J.: 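Below: one structure in structure tokens.
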Amino acid sequence: MLEIKNLHATVGGKGILKGLNLTIGAGEVHAIMGPNGSGKSTLSYVLSGREGYDVTEGEVIYQGRNLLEMAPEERAGAGVFLAFQYPVEIPGVPNTTFLREAVNAVRKYRNEPTLDPMAFMKVLRGKIKELGVSDDLIKRPVNVGFSGGEKKRNEILQMALLNPALAILDETDSGLDIDALKTVADGVNTLRAPDRSVLIITHYQRLLDYIVPDHVHVLAHGRIARSGGKELAQELEKTGYAGFTGEAA
Amino acid sequence: MAANVETIEQVQAVSEKYKYGFVTDIETDTAPKGLSEDIVRFISHKKNEPEWLLQWRLKAYRHWLTMPEPEWAKVAFPPIDYQDAYYYSAPKSKTDGPKSLEDVDPELLKTYEKLGIPLKEQEMLAGVAVDAVFDSVSVATTFKGKLEEQGIIFCSMSEAVQNHPDLVRQYLGSVVPAADNKHACLNSAVFTDGSFVYIPKGVRCPMELSTYFRINAANTGQFERTLVIADAGSYVSYLEGCTAPMRDENQLHAAVVELVALDDAEIKYSTVQNWYPGDENGVGGIYNFVTKRGACRGRNSKISWTQVETGSAITWKYPSCILQGDNSVGEFYSVAITNNMQQADTGTKMIHLGKNTRSRIVSKGISAGRSQQTYRGLVKVSPKASGARNHTQCDSLLIGDRCGAHTVPYIESRNRNAILEHEATTSKISEDQLFYCRQRGISQEDAVALVVNGFCREVLQQLPMEFAVEAQKLVGISLEGSVG
Amino acid sequence: MSESTATADILDRFGPGAAMAGTPALPWLERLRAGARQRVAATGLPTPKLESWKYTNLRPLEKLIFGPQAQERISIDRLPSLLPQGQSAQRLVFVNGLFRPDLSTRTALPDGVRAGSLAEALAEGNGGELSDLLGQIAGSGEGQAMLDLNTAMMTDGFLLHIGAGVRLELPIEVIYLGAAPREPQAFHPRSLIVMEENSRAIVVEHHDGIGDGAYFANHGCEVRVGKGAELRHYKVQAEAEDAIHLANLHVEVHAKGVYDNFILTRGARLSRNEVSVRLTAPGAECHLNGVYMLRGDQHCDNTTTIEHLAPETASREVFKGVLDERARGVFQGKIVVHPKAQRSDGHQLSKALLLSDSAEIDAKPELEIYADDVKCSHGATAGDMDREALFYLRARGIPEETARHMLIEAFLSDTINSLAAEGLCPALMSSVGHWLSDAATGGEL
């Protein structure tokens, strides 16, 4: 699904990722954990193609294609979905309009017929019910005035609608109370499928109680410092990142 | 007509960008080039006008000669050679005078169909009556009969001069005096046609009234004059749209619109202005120098202007409200988009004269390319306007670092019991918002259109449904090529 | 030739003898004056036909016939100082535009600081140094007729030079007095403030009148705030009732410099503060704040221009006015962000309280933006005081008059209390108090 080889990236001239290697197979759920400033969010932005995040070395192969050459919207069309740590507010644009634009844009990339407003509403209503999102959320402008929990739910709703092959969850658990956390986790779990991979980026282990990963990696100083199974997350919960925060040897 | 063929070819080559840029090949009846008292007499004679109107025109023309060009607006263009234009151009017709739809040249009907404005009533969208103005004259007015049943007059200005001279004489120039400003003065001298609307007492106009303006002929100025009178207790919603072919030279459009709302009457006036804006290098395009003003003469009357300005090389336009009647309300909702080399200086004037008058201004300006855009507005409260209230919100959005966005409000209050509030912001289009959209698969250009539409939403919501959808698309088209 | 006649006419009106008192004839200064003289002659004095003078008419000026320059005997005890003894580093007093050593208090200043009279400095032969500054910060662009008049006619003024790295903690107080007991007086003080790198200073200007005679004070002031320097420049204008006070202030701020300006206006029948600030290098910042309190037929115009010429420059501006009786307030504020000034940040606010049915406010806050990555905003409000608040206070037993005063003070105080030189706030608030107690405010409810 995704193969990251020797990835180096800079932000504003400062090296953040320094030779990161990671392979994610189809249907796998990987968690990347690490202390603040280890490059977790940079990785999610590099994978989604945000401006200002410059790859200086290495490559990223996604479904056999060079991901780094693709525009952000092409990546989305090809199934890369990023659930933002801080979802962006877009005043004046109703959430429904935004979701429909996005769904139809992605359908076009995939050579699927676009949905007319009526058909789309039907799909949307179904997903809302499934995910337990309130009706009100889709009528308001995108993320404007949403609470932290509502914003994250909106991200999961978008993920469900866009049907990605690779979902990247960037600190999706931050700022959530336990109920919201469960909703979000349920949302992700229902999407787990043999042809869909998930990359969870998180500081804390608690989300991993609800979304159990197949592999856990520790990111430190811009590269994977250690990899293991789900038990690694529990170990980190006890020991913290103390072993990883010192200067790399 | 060789020139026309050539233009058509050029137009076809670039028609993706400005799809209204075609030329209709039609025989026209044109006055000699240039401007003089004789031309003014010619126009008046062609229209078989009464003597008082001819004298009114001549007075305006003589005054116009003495007036300097207005120079206060933040727009730059070479001096206009008023002698290098035609002041009268009309599609030739077999019969003079008002026509029924059957008499309209099929070429013209085709033109309007191409523009998305079918004039055949059976094809029309239910609920919209159209007056189509082609170059200097009105060519067709639809649904006339149905409106007449309720006593509503909706016809061309030329017809109104013939059939309703008293109403015309009473109101023409009563809101925008002939000598108001140089462009309005020229219009008073040479106006050729336009729409006339009268809604009788207590009548709520059952359908949207609409005028569609089209400049076709080369080197032609268009000087239409619109007059809307809403008698006591009546209501009307009026829409206008404008397009022109793509031509290398600049064409002058100097229109005047006068609105009069009597006691408890309401006029909603919406414009989607999409005149040809010129090319990427600023060659060609319409000079849109328009004077629009409404008088809320009656108590509790209301005039609401909504404009979506995307076209024209230069826009100079300030739809205003004179709030004379106590408790009257003026509104101005505006979206102006400038791209490439366009220049726009637009805004409004709210003159509070009556007690408890209220006004609201929402202006959304988007500048892209190398364009320059200015919001210019005046809110004035006279000593007698106790309890007056104004709220103004002006937001500018810049796309790219070569354009300019300027805000010049004048706020003048001479009444302690008036409350005026003005807020303005300027910011760039947010990279975060664009990236968020793109991560969801929406292309860069669509993302810009989406974000800008969101930015303008408050204004676009004011438009009647049919127009709102068109306007939303226009926002996207106007900004094509502005990012990236 | 009509031009020279016109020159003579315009300049002659403002009193004979334009030579700077006791200054040697300096060729550069003569050239500067001649250029200014020519420009005023060509344009004449501003009229409301000019966009920037739309709301202010200088007609009252035309009616005054000025007598020869006169000096008055003034007792040092009668000086209207804002600052108590010992609270200023220096007190420099000018009467009708001329420096008065007899009234000034000149305590020793740290090395690298020069504070005194411009005429004195020129007489001492500092000409060479001043030739690079005087008239150069303001430039000789069009539309500066009043500054040109000042340049052509200037007699004396305040000079301050703070050397690199010098930090002056106590304010320097400059008192300008107008006195015209016999014939109307016209004077054209010219000031210059130069802050070298990383220096700091506080300047407090106090403009006042002695007696009732009419006079015309036409100030010109140029300020350079060097790299990393900070100047707090506060002014209280409490001129005599019949005075006309015009002030042109030109400021340039260099990298990371801060210019902090405040103007309180309560005097003069006609006044205008024209402030122009150029933020020339990254990190430069300015604050322009002011309050004005007017009644009778007073007219006050605050016209400001802030030019963001470099990236990452910031400006903040708040003007608040209280207008009673037939008074008229004018605020014209312009923020210009030039094409290179990315990531600039400019905010501006104008608020006016109208206390009578005949008062008027004209506000024109203006943004001119040529760079996209900016954050700029402005706001303006006009209206009466909050009636609910007034009622609330009265319902608690506070007499109406007191309640009104409380609300006016509250309206103005947040601008004054947010000033960086906190030590001056009480003195400024007491100036507000003076105005309030001068006459009953507000009409009927």
Side-chain angles (χ1 to χ4, degrees), chain B residues 71-72 74 365-368 370 372-431 482-483, chain C residues 51 54-55 323-324 326 328-387 442-445:
Chain B
E71 281 171 348
W72 39 264
K74 208 174 163 57
I366 299 101
S367 316
R370 284 173 288 166
Q372 295 292 330
Q373 188 177 131
T374 303
Y375 166 82
R376 189 182 302 277
L378 168 68
V379 176
K380 187 171 187 155
V381 177
S382 81
K384 286 181 184 160
S386 275
R389 192 93 176 72
N390 161 264
H391 188 269
T392 301
Q393 177 73 46
C394 288
D395 297 312
S396 304
L397 194 66
L398 293 126
I399 302 177
D401 57 5
R402 291 181 303 169
C403 53
H406 320 300
T407 315
V408 191
Y410 297 76
I411 303 149
E412 305 176 3
S413 177
R414 299 186 59 192
N415 192 296
R416 64 185 294 206
N417 295 316
I419 301 174
L420 286 74
E421 289 169 295
H422 170 100
E423 287 174 81
T425 64
T426 302
S427 53
K428 83 184 252 189
I429 191 160
S430 155
E431 297 288 346
S482 63
V483 174
Chain C
E51 178 65 25
K54 186 178 163 69
Y55 296 115
L323 302 161
D324 204 353
R326 296 164 308 281
R328 185 172 180 195
V330 176
F331 172 78
Q332 303 186 99
K334 188 176 192 175
I335 297 177
V336 186
V337 178
H338 289 262
K340 284 179 188 154
Q342 294 291 5
R343 296 173 303 286
S344 284
D345 181 345
H347 298 279
Q348 183 193 68
L349 182 65
S350 155
K351 285 188 164 196
L353 273 190
L354 298 179
L355 300 180
S356 105
D357 288 334
S358 315
E360 175 172 353
I361 172 73
D362 300 304
K364 187 187 170 199
E366 199 176 334
L367 298 173
E368 198 173 321
I369 315 283
Y370 297 95
D372 64 333
D373 195 0
V374 298
K375 280 198 181 110
C376 284
S377 70
H378 68 210
T381 64
D384 197 358
M385 67 172 64
D386 183 345
R387 284 173 182 234
E444 73 303 336
L445 259 180

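Chain identifiers are assigned alphabetically (A, B, ...) following the order of the sequence lines, protein sequences preceding nucleic acid strands; residue numbering begins at 1 within each chain. Keep in mind that this is a model prediction, so the values were computed, not measured.
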J.: Taking every non-hydrogen pair under 4.5 Å, which of Y410(B), W72(B), Y375(B) racks up the most with chain C?
T.: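 Among the listed options, the one with the most contacts to chain C is Y410(B).
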
J.: Counting only non-hydrogen atoms closer than 4.5 Å, does A380(C) touch chain B with its backbone (N, CA, C, O), its side chain (CB onward), both, or neither?
T.: both

J.: Is it the side chain or the backbone of A424(B) that comes within 4.5 Å of chain C heavy atoms, both, or neither?
T.: both

J.: What are the residues of residues 390-397 of chain B, in order of number, with any heavy atom under 4.5 angstrom from a heavy atom of chain C?
T.: none

J.: Measuring from atom CD of E412(B) to atom CD of E360(C), what distance do you get when rounded to the nearest 0.5 angstrom?
T.: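 Spacing of CD (E412(B)) from CD (E360(C)) equals 7.0 Å.
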
J.: Please determine if K74(B) and E368(C) form a salt bridge, counting it only when a charged side-chain N lies under 4.0 Å from a carboxylate O.
T.: yes

J.: Under a 4.5 Å heavy-atom cut-off, does chain C meet the side chain of Q372(B), its backbone, both or neither?
T.: side chain

J.: Any side-chain heavy atom of R402(B) within less than 4.5 Å of one from Y370(C)?
T.: no

J.: Count the heavy-atom pairs under 4.5 Å between each of K334(C), E51(C), K375(C), R328(C) and chain B, then report the option with the highest count.
T.: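 Going by pairs under 4.5 Å, I would pick E51(C).
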
J.: Drop me the distance from R416(B)'s CZ to S356(C)'s OG, to the nearest 0.5 angstrom.
T.: 7.0 Å

J.: Does K428(B) NZ have over 12 foreign heavy atoms under 6.0 Å away?
T.: yes

J.: Taking it one step at a time, do D373(C) and D401(B) satisfy side chain to side chain contact (heavy atoms under 4.5 Å, CB included)?
T.: CA-CA 8 Å; D373(C) 195 0; D401(B) 57 5; over 6 Å; no

J.: Taking side chain as C-beta onward, heavy atoms only, is S413(B) less than 4.5 Å from L354(C)?
T.: yes

J.: Indicate yes or no: at least one non-hydrogen side-chain atom of H422(B) is less than 4.5 angstrom from one of T381(C).
T.: no

J.: Check whether any side-chain heavy atom of D372(C) sits under 4.5 Å from a side-chain heavy atom of S367(B), and report yes or no.
T.: no

J.: How long is the straight-line distance from CG of D384(C) back to CG of N417(B), given to the nearest 0.5 Å?
T.: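 Separation between the atoms: 5.5 Å.
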
J.: Do the non-hydrogen side-chain atoms of H378(C) and P409(B) ever get within less than 4.5 Å of each other?
T.: yes

J.: Quick check on the interface: out of D362(C), L367(C), I335(C), who has the most heavy-atom pairs with chain B under 4.5 Å?
T.: L367(C)

J.: In Å and rounded to the nearest 0.5 Å, what is the CG to CD1 distance from D386(C) to I419(B)?
T.: 8.5 Å

J.: Considering heavy atoms only, which positions within residues 339-353 of chain C lie below 4.5 Å of chain B?
T.: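 Within residues 339-353 of chain C, the residues under 4.5 Å from chain B are Q342(C).
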
J.: Under the side chain to side chain contact (heavy atoms under 4.5 Å, CB included) criterion, do V408(B) and K364(C) qualify, and how do the steps go?
T.: CA-CA 7 Å; V408(B) 191; K364(C) 187 187 170 199; 3.5 Å; yes

J.: So which of K54(C), Q332(C), M385(C) has the biggest tally of heavy-atom pairs under 4.5 Å with chain B?
T.: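 Looking at each of K54(C), Q332(C), M385(C) in turn, K54(C) comes out on top.
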
J.: Using non-hydrogen atoms and a 4.5 Å limit, figure out which bit of F331(C) sits close to chain B: side chain, backbone, both or neither.
T.: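 For F331(C), neither part sits under 4.5 Å from chain B.
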
J.: Highest number of heavy-atom pairs under 4.5 Å with chain B: which of A359(C), S358(C), A371(C), A382(C)?
T.: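 If we count pairs closer than 4.5 Å to chain B, A382(C) comes out on top.
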
